[in-house]
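In what follows, chains are A, B, ... by sequence order, proteins preceding strands, each numbered from 1. If you're wondering where the values come from, they're calculated on a predicted model, not measured in any experiment.
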Amino acid sequence: MDLNSIKPDQTLDAKGLSCPMPLLRTKKAINGINSGQILEVLGTDPGSKNDLPSWCERSGHTCLGNVDDVGFFRIFIKKG
Amino acid sequence: MSDNVFAAKAKGLYQILCQDNWGKNTVAILVALLSILMLVWDRPWGAVGAVRNWGEWIIYGTGLWDLLGFADVYDSDTPKAFLTHSGSVIGIGFIGGAFLSACLGGNFAIRIPPKLEMVKAVFAGLFMGAGATLAGGCNVGGFYNAIGNLSAHGFAMMVGLIIGAIIGLKYVYWEMENISWGVSGGKTIDLPVALQIIFGIAALVALLAGAYSYSNGDIEKLGGILLITALLGYAFQRGRWCMIQGFREPHMTGNAKMAKSVALSIAILAVGIAIVKSKYVGLSDMNGNSMDYFWQHYVRGTFGWGGVVGGILFAFGAIQAGGCGTGTLWRVGEGQIKLWIVTPFFGLSCAVGSMLSRKYNWEGSIDEGSSLGSYVYLPHSLGYGGTLALIFLVMGAWYLIVAWNEETNKLMLEM
């Protein structure tokens, strides 16, 4: 899947936040979308690139991957 | 052709050593071995000695050293020099190693947090310093290296850390629902990878030159301390090894990886330290002086309410900071400004706490006892075998509980 062509249903700005806030805000944001919809998380904490996929795996969501942008990265999560 | 293969292998080695994320258990084993090595070389390592010394220098810099009573209590016009104080050198080595790792791996960036996080950083640091004062150290000196050094106070702080992590997490949940000021607007200033590698090489040269500069006179031990702690900082950053995560994750996501790896690390550490310390009991040095100071390393008088309450305050602070004593320092090394704010306030709080503890004799001494709890070197009550059995039992139980919770989510706190 080409991550750059994804149209997210919601975007969460977690830039500048450090552990554990990006994950907690993601958890909260995902409660606000429907199953099958896509959440885009904008982050800068290097830990998120590991924490979010492993959380997705545990909680039944699908992490579609991440792309680097200028000064931050985007992680795409499809709600399970 | 063969040159290409060699170049590819060299690149692969660089990637393994400097770019890949190391597994939690790999770091657990490395940290245990390096911690044993530190004791054999000179003394156990901890993070509080460094931040306290730096906090004292801040107090000195603001002209309050005399006024607050530091000069009287320590009978000195200045704090100890930060380049020759072993605690401070530990901190410099640790941050230096983490910075080196972050730069070579391309993870270094100036990460500026939103405003609310900056405010939290101040309070988090103050809580951590207060907790570390009561518990006889941070997560290293009060818990990890405490249990590892066969002192009972590590178990008291462990109880406190579990409770404090839960309270801290509940506060974070409350904050997310109720505070909307200053939650976004963070910025990151990235540095070009080539520049990061230049910084990394500069840090490596500085660490080696620093160690070499200690290699004469009566401070030669500092060279080894600087290098061993740099390796520790390097390993912590490469594996993002964060002890407070071990206490938080089981209640937040259920993930037990970090908790399991801390349990493993402590079990290995305790075996090594038991072997080393047991050799020194009852010995005297060449001048006939008792070497009891050796087994007394990191045996503190906080096995009791001090360890538990200190652990609660410390973990509450560390959850808000997003890093414990070590987690804070390695994140300083990767450019996280929030932790740059936590560190001086953690240091100030430790400095004031320690001074008061000394002034009012809170922790007493191993002979006269302590008002924060008791001094218990476990082998004196249980023998070395019994002590190791107890440590394995507690670490095994912790492992099983978090592993069971990972499947069942029984201990999870819902938002």
So what's closer than 4.5 Å to chain A heavy atoms on B:Ile319: side chain, backbone, both or neither?
-> backbone

Strictly by modelled atom types, are A:Arg74 and A:Asn4 linked by a side-chain donor-acceptor pair under 3.5 Å?
-> no

A:Trp55 (side chain) donor-acceptor with A:Leu23 (main chain) under 3.5 angstrom | no

Any side-chain donor near an acceptor of the partner, B:Glu334 and B:Gln237, under 3.5 Å | yes

Backbone N/O of B:Asn25 and side chain of B:Ser261: donor-acceptor pair under 3.5 Å | no

Would you mind telling me which of A:Pro20, A:Gly71, A:Ser18, A:Cys19 has the largest number of heavy-atom pairs within less than 4.5 Å of chain B?
-> A:Pro20

Looking at A:Leu17, A:Asp51, A:Leu24, which one has more heavy-atom pairs under 4.5 Å with chain B than the rest?
-> A:Leu24

Counting heavy-atom pairs under 4.5 angstrom with chain A, the leader among B:Glu249, B:Met252, B:Lys187 is B:Met252

Distance-only polar pair, side chains of B:Thr188 and B:Arg111, donor-acceptor under 3.5 Å = no

Side chain, backbone, both or neither: which part of A:Ser54 has a heavy atom under 4.5 Å from chain B?
-> side chain

Of the listed A:Ser59, A:Gly47, A:Pro46, the one with the largest count of heavy-atom pairs under 4.5 Å with chain B is A:Pro46

Most contacts with chain A, counted as non-hydrogen pairs under 4.5 angstrom, among B:Asn255, B:Val172, B:Ile112 = B:Asn255

B:Tyr399/B:Trp404 aromatic ring centres below 6.0 Å = no

B:Met176 portion near chain A, given a 4.5 angstrom heavy-atom threshold | both

For B:Asn409 and A:Arg58, test the side chains for any donor-to-acceptor distance below 3.5 angstrom and give the result as yes or no.
-> yes

Considering only heavy atoms, which portion of B:Glu406 lies under 4.5 Å from any heavy atom of chain A: side chain, backbone, both, or neither?
-> both

